[in-house]
Undergrad: 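One structure, pasted below without further comment.
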There are 2 protein chains.
Amino acid sequence: MANIRHIAKLAGVSVSTVSRVLNGHPYVREEKRLAVEQAMNSLNYARNMNAVHLLRGRTDMIGVMLPSINHPYFSKLVEGISDEALQAGCRLVLCQTGYAEEEERNALHMVKEKQIDGLILCSKALGWDEIVPYAAFGSIVACGEDAGGLLPSVFIDHYASFRAGIRHVMSKGHTRIGLALSRYASHSSDQRRQAYWDAITEIGEQHREDWTFYDCYGIEDGAQVVRQLHGMAERPTAMLVTGDQVAAGMIAEAAKLGIRVPDDLAILGFDNQPIAHVLGITTIDNQLHEMGREAFRMLQVSLLGEEPPVSRVEIPFALVERTTV
Amino acid sequence: MANIRHIAKLAGVSVSTVSRVLNGHPYVREEKRLAVEQAMNSLNYARNMNAVHLLRGRTDMIGVMLPSINHPYFSKLVEGISDEALQAGCRLVLCQTGYAEEEERNALHMVKEKQIDGLILCSKALGWDEIVPYAAFGSIVACGEDAGGLLPSVFIDHYASFRAGIRHVMSKGHTRIGLALSRYASHSSDQRRQAYWDAITEIGEQHREDWTFYDCYGIEDGAQVVRQLHGMAERPTAMLVTGDQVAAGMIAEAAKLGIRVPDDLAILGFDNQPIAHVLGITTIDNQLHEMGREAFRMLQVSLLGEEPPVSRVEIPFALVERTTV
DNA sequence: GTAAATTATGAAACGCTTTTCATGTCAAGC
DNA sequence: GCTTGACATGAAAAGCGTTTCATAATTTAC
């Protein structure tokens, strides 16, 4: 493999000159520039970026931590991040963790080891206390959840969005309301539970633990929820469902079981994914694409160094009324 | 930032010894090992992987080239690749190209510049002639399409799968059949067109250019197709649709327009995505997850060097009969 | 015509770790 | 008591491009 020294020798110049040509610096005589370019061509030269990275102390790559890329929530988010990164000449390294803490640590370690300049956390299992120290080695930003002033964050106010969702559901006359959430132990689930409890309490109802389902991510999980509901003596008349995929699964299963949506069971989804569009699911749009873009922008300013008091950007949400509530 | 020399000095040993500790080599006296470990802790040391990469000439990262991650076809594929990569201790660098040739070249360039050890091509616009030379600098494997012996490939026999699809559609009595494809100029579209033409010719029908739609990727594209069909005097009674997202869009739009599926219009999807499950779309399962895994495995053996005569693995497909044909 | 400013170029240092080679110590074996 | 082999350790080179510093060659300015 040709290196810069080979080129220098072949072109009859010093490595400095080759480097200057490589980087488009001025102060290289046309005649030498040509000689260098010719040498590079004839040896089919490409510089070794690892040397550049070592020298610069920067790789122009950032990591994206998420449990799984094969979920529309995350792939939409990543697309947003990627779009913005592309413009900045920055590459994305996928860190699929499946919420395994060791994998999350590995991803964080990459910034300490300078493999990546920063990391965007799309969802995580680790506590902030274990994450924050890594911010000393690169920029780490939270995306989709507020890191509470510990790290720059782009997020949705899950409490408010859930309240808005419940308000809408209640406006249709529902008082018996259930929930399908993702992980039990996550900040967003906390907020959502709280919003649910507060709203339910306000109308003088009891919140029902048996109407609260966890670990709902995909279509199959939604189907499972409906099956369980079907077997209950007392059932909710409406469900708030985090993720349109899950809502879609519920709708499909409901159809099989002869449960009419929204008459027997109203369903409110979240994220406004394409599937919600097709199935006419009433949902809350979280502008995931924009959130991803903003996360990257935030990381970028954080990379520049002089950080102001840890920025926090809230992405607005919007109810998209269709036919399932 | 602490480096290995600082550690050596603080621990009172040579850098060689520190390196040995770092890499778990034997032949380090317990006492020195402890001193080194203590020094590393107190300086909060982590090695600079860029130096390691430079030295090794390898980064344990590979690129994944695709037009957009926000499409279930690709995110499923990437998940498969990622699962296998994780086991091999290899990271994935996302190369979203949007089919822009310059972006594709950039991705290829990364392997020449040793930023990545290899590249998996999930879909591309560039011709093989421009791609193949880069295989000299790292492993490049084609995933989803056969590179015709030029590169290791994992692929589906699109001709056969389309023939199987058409056979199924015809078995339900359809003779007036249309097509919704993705890019006009792609190997898979060529194969599919050919399968369609051959099948249509066999039953003595004419293939209809006006029933062939291109650039169909998402739900909205499917809706568009149905709208166009709706305005036609002569319509097909069945459509073969590459991608369940597109099929889903068609079904949703058909419902709006009062077109009954499958009675007025039969729809056969491809890929067996979750959305096909929910909507009961008859589809052809291409085992994308497995295809991704196989692609990585292939890249890995190719990385080992002694390549046998360019491996080619065909992934079998299977008809999943549901309710839309 | 000379001082000052530009333009050009190369040597050497730097960034950081791994690996090879040489050297040295110590215990086992005969 | 001396040779082997195993165990330990450090110096130095290698991997490769960028940048600083010093020097040299030209121009420009007055």
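Reminder, nothing fancy here: chain letters follow the sequence lines and each chain counts from 1.
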Undergrad: Tell me whether the side-chain N/O atoms of B/Lys32 come closer than 4.0 Å to OP1 or OP2 in D/dG10.
TA: yes

Undergrad: Is there a side-chain polar atom (N or O) of A/Ser16 under 4.0 Å from OP1 or OP2 of C/dG10?
TA: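 So the side-chain polar atoms of A/Ser16 never come under 4.0 Å of the phosphate oxygens OP1 or OP2 of C/dG10.
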
Undergrad: From C-beta outward on A/Leu54, which listed nucleotide comes closest to its side chain: C/dT17, D/dC16, C/dC16?
TA: C/dC16

Undergrad: When you match B/Val15 and A/Arg29 each to their closest nucleotide on DNA chain D, which lands nearer the 5' end?
TA: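 It is B/Val15 whose nearest nucleotide is closer to the 5' end.
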
Undergrad: Can you tell me how far P of D/dT18 sits from CG of A/Asn23, to the nearest Å?
TA: 4 Å

Undergrad: Please state how far atom CG in B/Asn3 lies from atom C1' in C/dA13, giving the value in whole angstrom units.
TA: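 In whole Å, C/dA13 C1' lies 15 Å from B/Asn3 CG.
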
Undergrad: Between A/Tyr27 and A/Arg20, is there a cation-pi geometry (under 6.0 Å to ring centre, at most 45° from the normal)?
TA: no

Undergrad: What's the verdict on salt bridge (charged side-chain N to carboxylate O under 4.0 Å, His left out) for B/Arg297 and B/Glu290, showing C-alpha distance, side-chain angles and the deciding distance?
TA: CA-CA 11 Å; B/Arg297 276 183 236 126; B/Glu290 177 54 27; 3.3 Å; yes

Undergrad: Under 4.5 Å between any side-chain heavy atoms of A/Leu86 and B/Glu103, yes or no?
TA: yes

Undergrad: Please figure out whether B/Arg5 or A/Ala2 has its closest DNA chain D nucleotide nearer the 5' end.
TA: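 The 5'-side residue here is B/Arg5.
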
Undergrad: Under 4.0 Å, counting only non-hydrogen atoms across every strand here, what does A/Arg56 touch: a base, just sugar-phosphate, or nothing?
TA: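 Here A/Arg56 touches no strand at all.
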
Undergrad: Using only heavy-atom distances, decide whether a donor-acceptor pair under 3.5 angstrom links the side-chain of B/Thr17 to the base of D/dA8.
TA: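 No.
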
Undergrad: Check the distance between D/dC16's P and B/Asn48's CG and give it to me in whole angstrom.
TA: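 To the nearest whole Å, that distance equals 17 Å.
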
Undergrad: Regarding B/Val18, tell me which of base, sugar-phosphate or nothing describes its non-hydrogen contacts under 4.0 Å with the strands shown.
TA: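 Nothing, no nucleic acid heavy atom in range.
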
Undergrad: Determine the sole option in A/Leu299, A/Leu121, A/Leu119 for which the side-chain contact (heavy atoms from CB on, under 4.5 Å) test with A/Val141 is passed.
TA: A/Leu299

Undergrad: Could you tell me whether the side chains of A/Ser68 and B/Glu79 share a donor-acceptor contact shorter than 3.5 Å?
TA: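 Result is yes, a qualifying pair exists.
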
Undergrad: Could you check which of C/dT7, D/dG10, D/dT19 has an atom nearest any side-chain atom of A/Tyr27?
TA: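 Taking heavy atoms from C-beta onward, the closest nucleotide is C/dT7.
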
Undergrad: Rounded to the nearest angstrom, tell me the gap between atom CG in B/Leu43 and atom P in C/dC16.
TA: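 Nearest whole value for this atom pair: 13 Å.
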
Undergrad: Between C/dC14, D/dT9, D/dG15, spot the one nearest the side chain of B/Val28, thanks.
TA: D/dT9

Undergrad: Provide, to the nearest angstrom, the distance between the CD1 atom belonging to B/Ile7 and the P atom belonging to C/dG15.
TA: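 Nearest whole value for this atom pair: 16 Å.
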
Undergrad: Would you mind classifying the nucleic acid contact of A/Asn50 as base, sugar-phosphate or nothing, using non-hydrogen atoms under 4.0 angstrom?
TA: nothing

Undergrad: Do A/Lys112 and B/Tyr45 pass the side chain to side chain contact (heavy atoms under 4.5 Å, CB included) test, and can you show the C-alpha distance, the side-chain angles, and the key distance before you say yes or no?
TA: CA-CA 9 Å; A/Lys112 191 167 178 182; B/Tyr45 171 80; over 6 Å; no

Undergrad: Rounded to the Å, how far apart are A/His6 NE2 and D/dA14 P?
TA: 12 Å

Undergrad: Between C/dC16 atom P and B/Met1 atom CE, what is the distance in whole Å?
TA: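 These atoms are roughly 9 Å apart.
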
Undergrad: Could you tell me the separation between the CD1 atom of B/Ile4 and the C1' atom of C/dT19, rounded to a whole number of Å?
TA: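 My rounded result for the distance is 12 Å.
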
Undergrad: From the set C/dC16, D/dG15, D/dT19, return the single nucleotide nearest to any side-chain atom of B/Leu55.
TA: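 When the side chain of B/Leu55 is considered, D/dG15 is the closest of C/dC16, D/dG15, D/dT19.
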
Undergrad: Does a distance-only test, which skips hydrogens and angles, find a donor-acceptor pair under 3.5 Å between the side chain of A/Arg20 and the base of D/dG17?
TA: no

